[in-house]
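Below is one structure, written out as structure tokens, with a few remarks after it.
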Amino acid sequence: MIRVNKLSLIKTKKAKHSILLDDISLDIARDQITLFLGKSGSGKTSMLRCLSQIEKEYDGEILFEGRPIDQLSQKERCQLIGFVPQAYALFPFMSVLDNCAHPLRAVLGYSKVDAYKKVDELVSTLEMQNLLHFFPHELSGGQQQRAAILRALLLNPVFLLLDEPTSALDPDNTNLLIKIIRRLKKEGKGVIISSQDMYFAQKMSESVYFLEQGRVVQQHDFSLDPELSRESKLGRFLNPDERPEIVPFERPEFVQV
Amino acid sequence: MDASLWIEFLYRTLPLLAMGAVMTLKVLVCGASISFVLGIVFGVVCCEEIKIPYISPIIEFITFVLRAVPFFVQLLIVYFVVPDLIGIDLEVFSASILAIGLCSAGYVCQIVRAGINSIHVSQWEAAFALGYNKVKTLFYIILPQMFRNVLPAFNNEFESMLKSTAILSSIGMLELTRMGMNMVSRELKQPLAIYLLVALFYVAMSVVLNFVAKYFERALFKKVKA
């Protein structure tokens, strides 16, 4: 289990402070899907960046099984948390195969043959068999994302973190991603997701944290209580019927001089 | 001058100019090696992701001075002043490669620094999340991308180094230009033909340098579309 204790993240630029995360405390269980929902700038990505230790200058503590996560070695950390950023960040000069095999060789010390064998073992679970020799720029957004997930999963992390995973996906690829995430959960992996995609959130819903201005304003566990009040903040976010209508743009009339 | 005299002229001048060209290439290769190694080390230390307190500002200042002082002045300092100051005997060749290497290192540092900074920070973060440390990230992920981005700038810099070797003639380095000057002053005739031949040698060396750069560019771009 990951325990987040009084986590705050403040960025200072030109003497102006900006609070990205404000005193957040929560527990994230293994073998469960956890969602951080909220509008842009609510702190979802900052939360994932702190959990993956990309952001280190936070106040408070993040513990894994009672051990501060920032005291883990590089090797231990990458086998605890796999992070897939919003832009996937595949290495552009490597094929998908090398993107996936290189961390195994450089970080875990696998030989080239063993690393390729390991990629082969896992590649079918993400339907990437025919794409291994392609370079990232030759893949679609969804394929790049699956390659990035495969690369993270090969290090066999306990938790997989996905930042805005559906932001560039069409409905077919979103459904495929949902299938993959559910399979990962069944295999005992914890999946932590940040998203503002309501369709995806409703499909995935398990343990949900709703963030606003860096604070958790509502927490709901759909596995314990499938009903959610429509009056709550999270309810309104997931069922946006009462959102203000978008006023159509009116073309200004041209005035003849 | 009839044809037989031209052939005799070329027979006498070409081998000497070729010797000068070989010496120019030797200085270029040695100077470029010094510049390449120092420039990469300086550039890496000065880039945004690696900056080391106290050391990076000092290196930034040194490279600024190397770029601010004209190459001819640096050459005079390295050949005439430094040996006197530290009491060593510096040969013309050693002084030449040291001066040209150091001067160019200032520019290569800026090329490398800009090349590394141009790579999106998400590449550093992705490597970090996968468990790479900074050194591994630099060698396996960042530098290969940096080389691809800055290859044309490297080509420019080494072309400019090739031209700068002509200044070495001022301290008596027997490279291509000096060889041509000696022949003109010895024979006191045909200066136009001799200097044209010298220019042709420089063009030929530039062509080779460009060919090598294009080969590397193609090899690196074959894998990745910009």
- Message: With rounding to the nearest 0.5 angstrom, report the CG to NZ distance, B:N133 to A:K75.
- Response: 12.5 Å
- Message: Would you say CD of A:E76 has more than 12 non-hydrogen atoms from neighbouring residues, nucleotides or ligands within 6.0 angstrom?
- Response: yes
- Message: Rounded to the nearest 0.5 Å, what separates atom CZ in B:R148 from atom CZ in A:F93?
- Response: 9.5 Å
- Query: Does CE in A:M1 sit with more than 12 non-hydrogen atoms of other residues, nucleotides or ligands closer than 6.0 Å?
  - Reply: yes
- Query: Can you tell me how far the CG atom of B:L130 sits from the CG atom of A:L104, to the nearest 0.5 Å?
  - Reply: 9.5 Å
- Query: Where on A:R151 is there a heavy atom nearer than 4.5 Å to chain B: the side chain, the backbone, both, or neither?
  - Reply: both
- Query: Does a sphere of radius 6.0 Å around CZ in A:F134 hold more than 12 heavy atoms from other residues, nucleotides or ligands, not counting ones at 6.0 Å or beyond?
  - Reply: no
- Are more than 12 heavy atoms from other residues, nucleotides or ligands located less than 6.0 Å from atom NZ of B:K163? yes
- Taking the side chain from B:K136 and the backbone from A:A106, do they hold a donor-acceptor pair closer than 3.5 Å? yes
- Inspect the surroundings of NZ in A:K118 and state if more than 12 heavy atoms from other residues, nucleotides or ligands are less than 6.0 Å away. yes
- Between A:P92 and B:Q145, what is the shortest heavy-atom contact and its length? CG-OE1, 3.3 Å
- Query: Should we say atom NZ of B:K134 is surrounded by more than 12 heavy atoms from elsewhere, each under 6.0 Å from it?
  - Reply: yes
- Heavy-atom distance under 4.5 Å to chain B: side chain of A:I54, backbone, both or neither? both
- Message: A:D170: which residues meet the side chain to side chain donor-acceptor pair (under 3.5 Å) condition with it, sequence neighbours left out?
- Response: A:N173
- Query: For B:Y140, does the OH atom sit with more than 12 other heavy atoms under 6.0 Å from it, leaving out its own atoms?
  - Reply: no
- Taking the inter-plane angle between the rings of B:Y132 and A:H102 on a 0 to 90° scale, is it parallel (under 30°), tilted (30 to 60°) or perpendicular (over 60°)? parallel
- Contact check, side chains of B:E125 and A:P85, non-hydrogen atoms, under 4.5 Å: no
- Query: Given that the side chain runs from C-beta out, which part of A:L90 has a heavy atom under 4.5 Å from chain B: side chain, backbone, both or neither?
  - Reply: backbone
- Item | Minimum side-chain heavy-atom gap B:F128-A:Q53 below 4.5 Å | yes
- Item | A:I81 versus chain B, the contacting section by heavy-atom distance below 4.5 Å | backbone
- Message: Quick check on the interface: out of A:S95, A:S73, A:A89, who has the most heavy-atom pairs with chain B under 4.5 Å?
- Response: A:A89
- Query: Taking everything shown except A:Q129 itself, do over 12 heavy atoms lie less than 6.0 Å from its CD?
  - Reply: yes
- Message: Would you compute the distance between atom CD1 of B:I142 and atom CZ of A:F91 and round it to the nearest 0.5 angstrom?
- Response: 8.0 Å
- Item | Interface moiety of A:A87 toward chain B, non-hydrogen atoms closer than 4.5 Å | neither
